[in-house]
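The structure appears below as structure tokens.
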Amino acid sequence: MPSKESRYEVIIGIEVHVQLNTLSKMFCRCEVDVDARPNTKVCPICLGLPGALPQTNDTAVKLGIKAALALGCKVNLESRWARKHYFSPDLPKGYQITQYDYPLATGGSLDLPGMKRSVRIRRLHLEEDAGKLIHSSRETLVDFNRCGVPLAEIVSEPDIASALQADAYLKELRLILRTLGVSDAEMERGHFRCEPNISVRPRGQEEMGVRSEIKNLNSFKAVREGVERAVEDQIAWLEQGKEIVQTTYLWDEKARELRPMRVKETAADYRYFPEPDLPPLILEQSEIDEIKESLPELPAAKRKRLFKEGLSKQDIQVLSQEPEWEDYFLNLLEKGATVKEASTWLLNEARGIMAERREGLEEFKVPVEEMVNLIMLLRSGELTRPAAKGLLEAMAEKGRGAKELMTRMDLGAVSDSGFLEKVARKIIDANPEPVQRYRNGKTGVIGFLVGQCMKELRGKADPNAVREALSTLIAKED
Amino acid sequence: MSMKELPTIAQLWFDLDTGAAKAADVIALIRENVALYEKDINAYINLYLDEAEELARSQDSTRYPAGKTPDLAGIPIAIKDNICVKGKPCTCASNILKGFVAPYDATVIERLNARGAILVGKTNLDEFAMGASTETSAFGPVRNPLDPERVPGGSSGGSAAAVRYGGAVAALGSDTGGSVRQPAAFSGLVGFRPSYGRVSRWGLVAFASSLDQIGPITRTVEDAALIYSVIAGPDPRDSTTYPQEPEEMDLTGELKRGVKVGIIKEFFAELADERISEAVQTPFKEAGIDLIEVSMPEVRYSISGYYLLAFSEVSSNLARYDGIRYGLRVSKLGLRETYSASRAQGFGEEIKRRILMGTFGLSAGYIDAYYNTALRYRAALAKAYEKAFSQVDFLLSPTAPTVAYKLGEKIHDPLEMYLGDIYTASNALAALPCISIPAPRKVDGLPVGIQLTASRYQDAKLLEFAHAVERI
């Protein structure tokens, strides 16, 4: 009998609210600074004072277009603003300016990396954020600094079939937005708010299941756990023959629980209608083409290129999960390191050192420039590989430059052939037995002799050069 | 004592420029008129005569080179109290805005100030400009200076009454479906509604955003044109303004030969009062201008279309008055209860009626039948007007179906009140420039308004023609 899980099909669509990276708000010129002293970044427009009118922020529109193009959407030459009505103390006009039946862009898609799955994007539209309510035991205060901050809402089709895919979709989307500079997309700071809606139905059933929507997911972990929880709940209810009611839940991160927020019966009628204070948003095709031309290399293309250039799938995976690492990595390439060198020294050696030191990349004391210096010293033979390892450890410890530490620690490679010969002589003399075995054809034993020399040299020589010196000397004595 | 006649803007500007008059003396005349009439008429919600006098004195002591006096230097103007003036209360004649002081100037105020105009006071209006008689004001009704038993029209009734009794040389009103033109007609004044988009709405408290337009109420077309030329023009703060500067005007007063004036058949067919029809048409006939009959059956639905759209926008625009940030708050234990109590106490009956109907018209399941149908109607109406203007230069009609009626006569019958907008709603829906000027002949001793409408953005041509008609 197949497992419970495999008898059900999970269908997930996700809405993401992305805070656009602009200096000023969506419909006024107030500075975007959500953390400023409450109610200091406000004006008659974002406070909804009588007589104030909205003015569209062109930069926000451009960022929206960028994101839409990167997601393969069709950017509509005419889109429209609409008012969405509801009463809330953090919504000063009593309506939110958004886009409804004529969104900025429609019909894109996003490939989930390494999953052979594509998620269709239904639409991307622009809107303004609301203010923030600050609750205390005695009263509730409102901070309007966030009110009017530009958002793009990106809505997927229900093409996601698991919590894992939801996670991959969101990570890839976030990476694209960050690559474009469209948003900082910091989840904890509310720049990237995900609202998945989840339904489950027995496999083979035509009719869609009833949806659960989840809000307040502030980390990828929360997304995975919240979605998993919703799926489990729904399957359990179906198994028990319970009727599922369309419900919006809040994820309680501490309790790791879904708390019902509202059920469909009480859902508001938003009374959307065209915003009479703003004319339709009309774009020129040339404007859109220009933005398209200026798009940077997108993550998927970059991954393909790095793979071609020799980076392993695992390394690519690491980079795509962690934009800071990717940033560092690409910087190394830009400053002259090869893919192989960058992979070895950043993803292998440095990562190991950081793990040992229990540091993240933020705390890592070696800037890109110094890492490149180290790689270059190694490449030119001034530094041996083992010495380089020690040097990197010292750099991570002390935060000093590669050259300075190399000199101070006397880690420079011994390239003087006379000196190498001297050391080789000494080791040959001290180890007559292994030397004899080498002569008898057991050439593998040279590794032992090289090791002895390296020990003597404290690792500061090129092992190949040492091997060369040893074999030449032994051959001479034949 | 009797009313001190004030000069027109044009006369006063000339006299101030030549030094023949002093702005402070005009303020003194206004003071006398206010003392005499304001108590009965109730044209103003707030008067700023002391500040006005101070500003007038400083204007008087400023020496401009001859001919270089700014367009409106020293001209005392009254402002409808739904237009924001920095540092002054903006009440919209509603309790819900109790205590609200505007922290910024409307664009029209900035422009008037830049040309030296003097603010006399903020005038009374129907609450949030919703009404046609200025009886819905929370500050009490305005009476018509020509006959205090009668209404001054509305919603800019305070602006019209102030100019009528000599409380200001000119005034600004706002016109959504006739609110500048009809009170001008009831008061024997000129009321001009520019093309939608000609004058910035920045700082005008919204009633129905897609229809609201600020316009002057003056004693002559020339004065209306003067104010219009100062306040009109594109404004980045109002995205719905027309991007071009207004055209230069040539106010010669000459009737151009061959001008084609049309009358909409359906309008005159439904007019009950034959005398008003005659009062409106006679001057043209006497001047030898043939009136061309144009059929436009679309106008029959203009009242329904207008009110559906206007109410829908009202329900949205007035959502912000919730007692949270400014204005009246009636504190109750819960949030919903505070909202309800604040709005219940803050808004008057007419406002509530409109919010309820507008909310209904936008609701899921009804929006197609109401709001969306009205939108389609609006587009069809605009097309019909376009077609009419391919045959004629201007359209002529009365401004209102009646002369000024008595206080209390219609206020209890909202539908009857709405029908008074029959001639002023359709051209507003079509975003057209239109003007009301006094007909030479009165009816029952009360003024009748002649309304002229032109095609969109032909504001200058309309003012030139109206100026000529005024002189017939």
Side-chain angles (χ1 to χ4, degrees), chain A residues 27-29 39 42-58 61 80-97 100-101 130-131 133 135 139-144 147 266-282, chain B residues 82-84 90 92 94 96-97 100 102-107 128 197 200-206 208-212 235-241 309 312-313 315-327 335-336 338-339 343 358-367 371-372 375:
Chain A
F27 297 112
C28 62
R29 299 297 86 92
N39 298 314
V42 293
C43 74
I45 298 174
C46 55
L47 285 178
L49 293 192
L53 299 169
Q55 302 144 38
T56 308
N57 179 340
D58 292 339
V61 174
R80 294 188 196 169
W81 302 104
R83 292 181 181 181
K84 175 183 180 179
H85 299 87
Y86 60 94
F87 281 104
S88 176
D90 57 8
L91 191 70
K93 296 188 294 294
Y95 56 82
Q96 175 195 34
I97 306 178
Y100 185 53
D101 36 12
L133 295 178
H135 301 281
E139 56 192 353
T140 298
L141 301 171
V142 204
D143 176 7
F144 291 104
C147 196
T266 58
D269 174 1
Y270 292 121
R271 300 178 356 259
Y272 286 99
F273 86 108
E275 166 58 279
D277 287 332
L278 292 169
L281 184 59
I282 307 288
Chain B
N82 60 349
I83 297 172
C84 289
C90 188
C92 294
S94 178
I96 202 130
L97 277 171
F100 174 72
Y104 70 101
D105 274 330
T107 297
F128 280 102
S200 170
R201 293 181 295 116
W202 173 258
L204 168 67
V205 180
S209 315
S210 76
L211 290 151
D212 296 341
D235 178 12
R237 288 173 298 192
D238 177 359
S239 307
T240 63
T241 48
L309 290 172
S312 298
E313 294 188 28
S315 74
S316 174
N317 283 328
L318 271 61
R320 68 187 63 195
Y321 306 107
D322 56 7
I324 301 293
R325 297 166 311 283
Y326 49 80
L335 176 66
R336 277 182 166 273
T338 301
Y339 282 156
R343 287 168 70 84
T359 303
F360 181 74
L362 287 177
S363 308
Y366 296 99
I367 184 166
Y371 180 80
N372 288 337
L375 265 194

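Residue numbers begin at 1 in each chain, while the letters A, B, ... track the order of the sequences. The model shown is predicted, which means the values in this text are computed figures rather than measured ones.
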Considering all heavy atoms, the nearest B:Thr240-A:Pro276 contact: CG2-O, 3.5 Å
Under 4.5 Å from any heavy atom of chain B - which part of A:Pro92: both
Contacting region of B:Leu211 [heavy-atom separation from chain A under 4.5 Å]: neither
Test salt bridge (Lys or Arg N to Asp or Glu O under 4.0 Å) applied to B:Arg237 - qualifying residues, sequence neighbours left out: B:Glu110, B:Asp235
Contact check, side chains of B:Trp202 and A:Gln55, non-hydrogen atoms, under 4.5 Å: yes
Under 4.5 Å from any heavy atom of chain A - which part of B:Asn372: neither
Side-chain touch B:Tyr321/A:Pro50, heavy atoms, less than 4.5 angstrom: yes
Distance, nearest 0.5 Å, that separates NZ of A:Lys93 from OG of B:Ser316: 9.5 Å
Taking distance alone, no hydrogens or angles, what donor-acceptor pairs closer than 3.5 Å link side-chain atoms of residues 360-367 of chain B to residues at least two apart or in another chain?
{"residue": "B:Ser363", "atom": "OG", "partner": "B:Thr359", "partner atom": "O", "Å": "2.7"}
{"residue": "B:Ser363", "atom": "OG", "partner": "B:Phe360", "partner atom": "O", "Å": "3.2"}

Spatial distance of atom OG (B:Ser312) from atom CZ (A:Phe273) [nearest 0.5 Å]: 7.0 Å
Chain A contact via B:Arg201 - which portion, at a heavy-atom distance below 4.5 Å: both
Side chain / backbone / both / neither for A:Phe144 at chain B, heavy atoms under 4.5 Å: side chain
Region of A:Phe87 that comes under 4.5 Å of a non-hydrogen atom in chain B: both
Which of A:Leu47, A:Leu49, A:Leu91 touches chain B most, by non-hydrogen pairs under 4.5 Å: A:Leu49
Leading residue by heavy atom contact count with chain B [cutoff under 4.5 Å; candidates A:Cys43, A:Pro44, A:Pro54, A:Cys28]: A:Pro44
Rounded distance [0.5 Å steps], OG in B:Ser315 versus CZ in A:Arg271: 5.0 Å
Contact winner vs chain A - B:Ser200, B:Gly327, B:Ser239, B:Ala208, heavy-atom pairs under 4.5 Å: B:Ser239
Distance, nearest 0.5 Å, that separates CG of B:Leu335 from OG1 of A:Thr140: 8.5 Å
Residue A:Tyr100 excluded, over 12 heavy atoms near OH under 6.0 Å: no
